[in-house]
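Data first, discussion second: the structure below is written as structure tokens.
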2 protein chains.
Amino acid sequence: MKGKVTSFDVAQRAGVSQSAVSRVFSGASASKATQDKVRSAADALGYRPNRLARGLITGRSKIIGLVVAYLDNQFYPDALERLSNVLKEQGYHILIFTTKGRGEEVKQTFDQLMDYQVDGIIAASVGISDELTNRCAAAGIPLVLFNRGQRGGALAQVTSDNLQGAAKIASFLVKGGHRRIGHISGWMGSITGQDRAQGFASGLQAAGSELVHQIDGMYRRDTAAEAAETLVSEHGCDAIFVGNDHMAFAVMDHLRGAMKISVPNDVSIVGYDDVSMAAWGAYELTTLRQPVNRMVHATVDTLLAMIEDADASADQITIDGPLVVRTSAKVPKEN
Amino acid sequence: MKGKVTSFDVAQRAGVSQSAVSRVFSGASASKATQDKVRSAADALGYRPNRLARGLITGRSKIIGLVVAYLDNQFYPDALERLSNVLKEQGYHILIFTTKGRGEEVKQTFDQLMDYQVDGIIAASVGISDELTNRCAAAGIPLVLFNRGQRGGALAQVTSDNLQGAAKIASFLVKGGHRRIGHISGWMGSITGQDRAQGFASGLQAAGSELVHQIDGMYRRDTAAEAAETLVSEHGCDAIFVGNDHMAFAVMDHLRGAMKISVPNDVSIVGYDDVSMAAWGAYELTTLRQPVNRMVHATVDTLLAMIEDADASADQITIDGPLVVRTSAKVPKEN
DNA sequence: CTCACTCTTGCATAGGTTTGCAAGATTACC
DNA sequence: GGTAATCTTGCAAACCTATGCAAGAGTGAG
């Protein structure tokens, strides 16, 4: 009862060849009779096919590598859980890698991913160098970027419509009667950060206003809080669009706590993501919802398509999301 | 450049046998000369050993299965990230499974884990039936429970000292001058929930007080919020110990928001976990810290010990944590 | 009953690595 | 320089499954 039970063992017990049991479990053709014999023998012995061995010969490990940078931003655990569930339905499972680094560490991570012969990779908000994308392409491993774009790349990616979304926020804030509007951006080294900043600036212009000042929040709470203080104290901002909810919470904490400033009476705050915490009573954050479910499904769909068909086109999908109005920002009087 | 490059390819290029290249990559003995030849050939070809094949023959996949129930409770993403990092240092990686269910779903999850030939399993706060533990034992797969105990089991587990911790909280609240103290427990189907409840009750007695009322919060925000309302409105509680931070936030939101009750002036709230959010300005939650780092290291250490040595003893480790005093509960005047 | 045709099934090989074994190469020592 | 001891190295088997191939079993028609 110690050693693993193999397809050979159940073949022996069922009085058939090893190929027969393989065929039964891989869904190939087999007569009803052998099906039954094999199944009952397998049940008796507690046999289950060894995925490693199967992967070795089929060239499909049924493992998807997920590399994620910011697990403290609730958006990502949430996405992770949904990705896991959707992939599970398709018979895939997630090998997870976390990495803060941007350069060498990411490269090592990819090395390790490829060691495990993953069938595909999802990179959630992590920077991928051209060298890495080439390596993946050379190895024939599909890669899709989740919630992170790549300029002019032919890379598959799914993001929300950051320009459009940020523009919606701009329009909302202007209509809300704010005069001095600032922006704490996501890390400007990321396309996501850039796009939201750009969409916001042009949105303000389109609404006849302009951006007073912008500071890079680096996706970090402390940096964002500091930035908020600067925007309010030095630039007299009465509204701030913060590049994601995670930073927006820090901003609200800092304004209300250390600075004794009322949100939204003195300063309006708008975030981006609509993580579940945004609905919590302590924040009631007005924010642009990223439709996680649709993003996850789109990601899995394109990734699996690329796995099935090696030269499927690398889709670049952007998904539109609604502005969720709560109480952290003044609401325009009329529509 | 299409097909994978194998150890055989690099052997050919280096002018040695395939075994030679295997030996240099698996760290077995090899002369300096062949080491060099093999390494440079491998670099030129971009060779890396196939972990699936390696796992097939060594019987070690270097994969650890992690199954986790509550990813929306920040404690777990945090633990996940740390587990991932610590395991990575030891050459292991995490195949992740999320499951809400308690019965059949957990079983299927374990089936799938075993299909992947994981070297060990970490179950974070999920209920494991005896049947499953037996299956693991039969398959020779070590299992350790993280942040979740098991009554009278011989199972490896690492938890914080829930009885002691809850008792500390009891003492703190009594010293704080509270008269009517209630408890919103974690799910009473979990040992964790039971232990904290019990530790709290006996802690109150030891301090010359008693528990006014207790309600099962089920680890859910909505249930906890409802419970808080009952405790305050119907039982006149002036202090509540909430079974974990995740629920405590909901309680604070509900008291302050819907019920217009001041925390801590009217009601003191204490949580358990000390997730990073507990330090945020919106909550400043007084809570008992679970030392995640030490718990994670203990978990990995015991798990790896069990993997190395099949009949290593299944340690049951409980780790003590400090009470972190913030502002969500009245602080005793003197010491 | 025979023939042609389709289903099933077993044999044997492949997939990429590790490892015991034995032979060859090297070292050490006298 | 000779012998014993130690290193290196290649050969081949093993890990567990999937699958092409060919032979056998079954089916239907004439």
Side-chain angles (χ1 to χ4, degrees), chain A residues 2-39 41-42 45-63 91 112 114-119 139-141, chain B residues 2-39 41-42 45-63 91 112 114-119 139-141:
Chain A
K2 202 59 206 308
K4 315 276 184 189
V5 30
T6 78
S7 61
F8 202 82
D9 298 332
V10 6
Q12 196 163 322
R13 183 181 232 265
V16 296
S17 76
Q18 178 269 332
S19 344
V21 9
S22 168
R23 276 189 257 261
V24 170
F25 278 94
S26 60
S29 67
S31 71
K32 187 82 174 59
T34 49
Q35 289 244 9
D36 292 344
K37 280 191 290 186
V38 168
R39 294 242 181 251
L45 270 55
Y47 168 78
R48 311 206 92 227
N50 180 329
R51 276 225 137 131
L52 264 47
R54 176 179 281 185
L56 184 56
I57 194 166
T58 60
R60 313 239 86 108
S61 62
K62 291 291 182 174
I63 299 178
Q112 298 175 10
M114 308 183 51
D115 292 352
Y116 280 103
Q117 312 293 115
V118 295
D119 290 340
I141 301 180
Chain B
K2 202 59 208 310
K4 314 276 183 188
V5 30
T6 78
S7 61
F8 202 83
D9 299 332
V10 7
Q12 196 162 321
R13 185 181 230 265
V16 297
S17 76
Q18 180 270 336
S19 344
V21 8
S22 167
R23 277 189 256 261
V24 349
F25 276 95
S26 59
S29 65
S31 72
K32 187 84 173 59
T34 49
Q35 289 242 9
D36 292 345
K37 280 192 291 187
V38 167
R39 294 241 181 252
L45 270 54
Y47 168 79
R48 310 205 93 229
N50 180 330
R51 275 221 136 136
L52 264 47
R54 175 179 283 185
L56 185 55
I57 194 165
T58 60
R60 315 239 86 110
S61 62
K62 292 289 181 176
I63 299 178
Q112 298 175 13
M114 308 186 48
D115 291 351
Y116 280 103
Q117 312 294 115
V118 295
D119 290 340
I141 301 180

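A note on names: the letters A, B, ... follow the listed sequences, proteins ahead of strands, and every chain is numbered from 1.
- Within 4.0 Å (heavy atoms only), B/Thr6 reaches sugar-phosphate atoms of the nucleic acid but no base atom.
- Between A/Tyr47 and D/dT17 there is a side-chain N or O to OP1 or OP2 distance below 4.0 Å.
- Under the 4.5 Å side-chain criterion, counting only non-hydrogen atoms from C-beta, A/Gln117 is not in contact with A/Ile63.
- For the OP1/OP2 pair of D/dC11 and a distance below 4.0 Å, the side-chain nitrogens and oxygens of B/Ser17 include no atom meeting the criterion.
- In summary, A/Arg48 and B/Asp115 engage in a salt bridge, as defined by a charged side-chain N under 4.0 Å from a carboxylate O.
- The phosphate of C/dT18 has neither OP1 nor OP2 within less than 4.0 Å of any side-chain N or O from B/Thr58.
- The nucleotide whose nearest atom lies closest to any side-chain atom of B/Arg23 is, among C/dG10, D/dC16, D/dG10, D/dG10.
- Residue contacts for B/Arg51: at a heavy-atom cut-off of 4.0 Å it reaches no nucleic acid atom on any strand shown.
- Note on B/Val16: only backbone sugar-phosphate atoms sit closer than 4.0 angstrom, heavy atoms only; bases stay farther off.
- In summary, the side chains of A/Ser19 and A/Ser22 do not present any donor paired with an acceptor at a separation below 3.5 Å, with no hydrogens or angles considered.
- Between A/Thr34 and B/Phe8, the one whose closest nucleotide on DNA chain C sits nearer the 5' end is A/Thr34.
- One can place NZ of B/Lys32 at 18 Å from P of D/dC7, the figure rounded to the nearest angstrom.
- Between B/Ser31 and D/dT9 there is a side-chain polar atom (N or O) within less than 4.0 angstrom of OP1 or OP2.
- Nearest nucleotide to the B/Ala53 side chain, out of D/dC15, C/dG20, C/dT17: C/dT17.
- Counting non-hydrogen atoms under 4.0 angstrom, A/Ser19 reaches a base of the nucleic acid.
- Distance, A/Asp9 CG to D/dC15 C1': 13 Å, rounded to whole Å.
- At a threshold of 4.5 Å between non-hydrogen side-chain atoms, the residues A/Asn50 and A/Thr6 do not count as touching.
- Looking at A/Lys32 and A/Asp36, a side-chain N of the basic residue comes within less than 4.0 Å of a carboxylate O on the acidic one, giving a salt bridge.
- Atoms CD1 (A/Ile57) and P (C/dG16) sit 10 Å apart, rounded to a whole Å.
- Rounding to whole angstrom units, OH of residue B/Tyr116 and C1' of D/dC16 are separated by 16 Å.
- Along DNA chain D, the nucleotide nearest to A/Arg54 and the one nearest to B/Gly15 differ in position, and the one closer to the 5' end is contacted by B/Gly15.
- One can place CG of A/Leu52 at 22 Å from P of C/dA14, the figure rounded to the nearest angstrom.
- Distances were taken from every side-chain heavy atom of B/Gln18 (C-beta onward) to each of C/dT18, D/dG10, C/dG16; the shortest belongs to C/dT18.
- Across all strands shown, B/Ser22 has heavy atoms under 4.0 Å from base atoms, whether or not it also approaches the sugar-phosphate.
- Nucleotide D/dT9 holds its P atom 11 Å from the CG atom of B/Asp36, rounded to whole Å.
- Computed from coordinates, the B/Arg60 CZ to C/dT19 P distance equals 11 Å when rounded to whole Å.
- One interatomic measurement links the two molecules: CG of B/Leu56 to C1' of C/dT19, which rounds to 14 Å at whole-angstrom precision.
- A cation-pi arrangement is present between A/Arg39 and A/Phe25 under the rule of less than 6.0 angstrom and at most 45 degrees off the ring axis.
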